[in-house]
2 protein chains.
Amino acid sequence: MPDPKRPHSSVASNFQADADRLFVRSAARAIHVLSAFHDADGPLSLTDIAAKAEIDRSAAQRLVHTLMSLGHIRRSADDRGYLPGLRLLDHTHDTLRLDPVVQVATPVILEMRKSLSERIDFSLYDETRVIYALRMQSKRETFYATLVGHSVPTFCTAGGRATLSALPVAEAREIIDRFPLHQYTSQTNIDPDSIMERLEKARRDGFALVENEFVMGEVAVGVPILNRQGRPLGAIHIAGSLSEWSVEDFSRSTAPIAQEAARAINASF
Amino acid sequence: MPDPKRPHSSVASNFQADADRLFVRSAARAIHVLSAFHDADGPLSLTDIAAKAEIDRSAAQRLVHTLMSLGHIRRSADDRGYLPGLRLLDHTHDTLRLDPVVQVATPVILEMRKSLSERIDFSLYDETRVIYALRMQSKRETFYATLVGHSVPTFCTAGGRATLSALPVAEAREIIDRFPLHQYTSQTNIDPDSIMERLEKARRDGFALVENEFVMGEVAVGVPILNRQGRPLGAIHIAGSLSEWSVEDFSRSTAPIAQEAARAINASF
DNA sequence: TACAGCTGTATCGCCAAGCAATACATTTAG
DNA sequence: CTAAATGTATTGCTTGGCGATACAGCTGTA
């Protein structure tokens with residue numbers, strides 16, 4: 001019986017189909033609290049967290065209290081608001097070191113560095129995006145180009161296109177249609193049909209080539225990592241500056257190296 | 001009234017002082033489930049997770065179910081056991097990008113790379129350990145030397161000693177006494193008094209120098225990052241191979257660069 | 001081929017853990 | 001000086017989480 005005295009009970013019960021007897025709401029809420037920082041650009045107050053996690057201030061208080069006692073949230077240095085806690089980085093380490101693809105990709109990528117001075121990244125496939133797992137910087141990079149965990153859209157990046165090109169056409173199309181095709185630069189290709197053509201080309205070439213579509217002035221080559229069934233697990237990508245390279249020179253001198261590395265990794269899956 | 005029918009209720013109620021009315025047990029248990037992977041060396045079964053998180057199989061089932069639906073746990077590729085999920089890397093990204101020290105350290109470290117070809121790391125201070133947050137590889141590295149989130153003891157590493165040297169003596173001593181001083185190599189210094197002397201030297205020199213104590217054949221220089229109150233927030237460290245460098249040459253050519261970088265960062269706090 | 005011991009999955013009734021509401025002392029913003 | 005934030009603390013109600021238990025599907029082994 002719905003109780004009119006409880007104004008919140010009518011409202012969405014924090015995601016998840018109601019009749020999931022195994023779903024632990026408090027656990028999910030704790031994660032939502034941590035995820036509140038996904039669209040933050042600085043410390044969050046309890047009220048901010050409550051709003052972003054879609055819970056009331058009481059719940060936020062309890063959850064933040066709990067997470068803080070576990071080191072997964074901390075107070076900001078100036079004692080205004082909360083920030084993600086350092087213990088979260090322990091999970092990072094687990095995620096990376098236990099990932100079979102990262103395990104075999106690491107030494108291969110490390111080896112690549114010897115023959116290449118451009119930025120080399122390895123990222124993991126997550127449908128509409130790829131997530132940076134290993135990063136090897138070149139000389140000048142930006143802040144975000146150095147952080148692990150950064151994710152970028154599949155539809156307009158070299159690593160993303162590489163993974164999409166390994167999917168059945170229908171599936172790639174579904175992902176492109178699902179994701180909001182934001183115009184990141186003036187040259188971002190946001191036409192689904194045209195993107196599909198680029199995927200077809202990438203499939204033929206064995207690598208994806210993207211210029212100016214996500215970051216202006218950047219050219220990148222991406223090669224997918226596949227399991228035995230041919231499904232994409234991640235991608236190796238190499239990024240260079242258009243002020244130093246012509247597109248042709250860049251792809252000619254980097255694509256074969258990336259492809260060879262990918263072959264070495266694919267052999268394990 | 002204690003109920004003898006509930007065998008688990010007598011036992012430690014999943015950490016945390018009982019009379020903490022704000023503590024949300026299910027939330028903490030969810031975190032414990034994720035932390036179960038800290039001492040795993042491969043996929044874990046439900047039973048494994050239950051054991052490591054110190055909960056029963058039912059709780060593990062529910063929590064894993066919940067975390068899996070949120071992408072924080074996934075099935076392993078061969079469908080045997082569970083692994084940390086990719087969504088955890090989103091929290092990594094938040095932790096790093098929202099950390100004020102990482103924000104200002106990143107460009108400085110990037111800049112350092114131009115004048116140095118050795119491995120440069122930036123790590124965050126967490127009392128008995130420092131956690132790698134930014135990593136710039138040199139040529140040959142090992143698997144663990146490339147992963148973000150990896151943590152190493154403060155007592156026997158360059159970054160760790162650097163941070164300890166910035167603490168009041170009593171506090172540094174307390175941390176050293178608290179942490180189990182494991183003999184990582186034949187040359188690891190596990191004598192508290194002797195370590196304290198090394199800290200004193202690091203304080204005078206303005207940098208910590210460690211050779212062969214954590215990884216054989218490695219020499220490293222560490223410099224602390226401090227806030228306005230002089231408390232350590234993290235450290236910059238540079239590691240080199242003893243097969244290429246004498247200890248003196250290494251410290252002479254790297255320490256000043258690290259110190260200058262640290263000064264640039266410290267100015268912001 | 002049966003069996004023992006694993007997996008992961010599913011169900012259920014009980015009750016205390018988690019809940020929302022509320023109050024409040026401080027600090028910040030206007 | 002007020003108004004609206006901040007974080008903190010308490011309480012009584014009730015539903016969400018709990019542990020126990022059962023089971024189907026593998027895997028290896030005797």
Side-chain angles (χ1 to χ4, degrees), chain A residues 1-33 42-51 53-69 73-76 78-83, chain B residues 1-30 32-33 42-51 53-69 73-83:
Chain A
M1 158 173 56
D3 183 350
K5 267 194 195 153
R6 306 180 61 242
H8 282 278
S9 61
S10 60
V11 119
S13 61
N14 277 122
F15 300 88
Q16 201 62 200
D18 288 307
D20 183 348
R21 305 295 322 278
L22 287 176
F23 194 77
V24 181
R25 189 178 50 155
S26 311
R29 289 171 147 202
I31 300 297
H32 286 313
V33 163
L44 296 180
S45 71
L46 267 188
T47 319
D48 294 336
I49 292 174
E54 300 184 82
I55 56 182
D56 63 33
R57 253 171 49 97
S58 277
Q61 176 189 16
R62 268 176 282 124
L63 263 358
V64 165
H65 170 83
T66 306
L67 290 168
M68 205 160 26
S69 81
I73 284 189
R74 59 180 159 153
R75 221 83 240 292
S76 81
D78 56 357
D79 213 61
R80 300 156 154 285
Y82 302 92
L83 286 175
Chain B
M1 162 177 49
D3 182 351
K5 267 194 194 152
R6 305 180 61 242
H8 282 278
S9 62
S10 59
V11 118
S13 61
N14 278 122
F15 299 87
Q16 200 60 201
D18 287 306
D20 182 350
R21 304 296 321 277
L22 286 176
F23 194 77
V24 181
R25 189 178 52 154
S26 311
R29 287 171 147 203
H32 286 313
V33 163
L44 296 180
S45 72
L46 269 187
T47 319
D48 295 337
I49 292 174
E54 301 184 82
I55 56 182
D56 63 30
R57 253 170 51 95
S58 274
Q61 176 190 14
R62 268 176 280 125
L63 263 357
V64 165
H65 170 84
T66 306
L67 291 168
M68 204 158 30
S69 82
I73 283 189
R74 59 181 159 152
R75 241 51 266 280
S76 80
D78 56 357
D79 213 60
R80 299 157 156 284
Y82 301 92
L83 286 175

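The analysis underlying the following values was restricted to heavy atoms, covering all of them including side chains, and did not include hydrogens, waters or symmetry mates. Note that the coordinates shown come from a computational prediction; the quantities given were computed from them, not determined experimentally. Below, chain A is the first sequence line, B the second, and so on; all start at residue 1.
- No hydrogens or angles were tested; on distance alone, nothing pairs the side chain of B:Arg80 with the base of C:dG8 as donor and acceptor under 3.5 Å.
- Between A:Arg29 and C:dA20, a side-chain N or O to OP1/OP2 separation shorter than 4.0 Å is present.
- Contact check, B:Arg57 against D:dG19: no side-chain N or O comes under 4.0 Å of OP1 or OP2.
- Distance, B:Arg74 CZ to C:dG8 C1': 19 Å, rounded to whole Å.
- In the set D:dG19, C:dG8, C:dA20, D:dG19 carries the atom at the smallest distance from any side-chain atom of B:Arg62.
- Distance from the side chain of A:Ala59 is smallest for C:dA20 among the nucleotides C:dA20, D:dA20, D:dC18.
- Whole-Å rounding puts the A:Arg21 CZ to D:dT21 P distance at 18 Å.
- If you find the closest nucleotide of DNA chain D to B:Ser58 and to A:Gly81, the one lying nearer the 5' end belongs to A:Gly81.
- Panel note: side chain B:Thr66, backbone A:Val24; a donor-acceptor pair is recorded below 3.5 Å.
- The heavy-atom pair separating A:Arg75 from A:Met68 by the smallest distance is N-SD, 4.2 Å.
- With the nearest nucleotide of DNA chain D identified for both A:Val24 and A:Tyr82, A:Tyr82 has the one nearer the 5' end.
- Taking side-chain N and O atoms only, B:Arg25 has a distance below 4.0 Å to OP1 or OP2 of D:dC18.
- Side-chain N/O atoms of B:Ser26 include one lying less than 4.0 angstrom from OP1 or OP2 on C:dG18.
- Of the candidate nucleotides D:dC18, C:dC19, D:dT10, D:dT10 has the atom lying nearest to any side-chain atom of B:Leu22.
- Closest of all the heavy-atom pairs between B:Leu67 and B:Ala30 is CD1-O, 3.7 Å.
- Expressed to the nearest 0.5 Å, how far OG of B:Ser45 lies from CZ of B:Arg57 amounts to 8.0 Å.
- For the pair B:Gln61 and B:Thr47, nearest-nucleotide mapping onto DNA chain C gives the more 5' position to B:Thr47.
- Among the heavy atoms of the strands lying under 4.0 Å from B:Ser45 are primed sugar atoms or P, OP1, OP2 only; no base atom is included.
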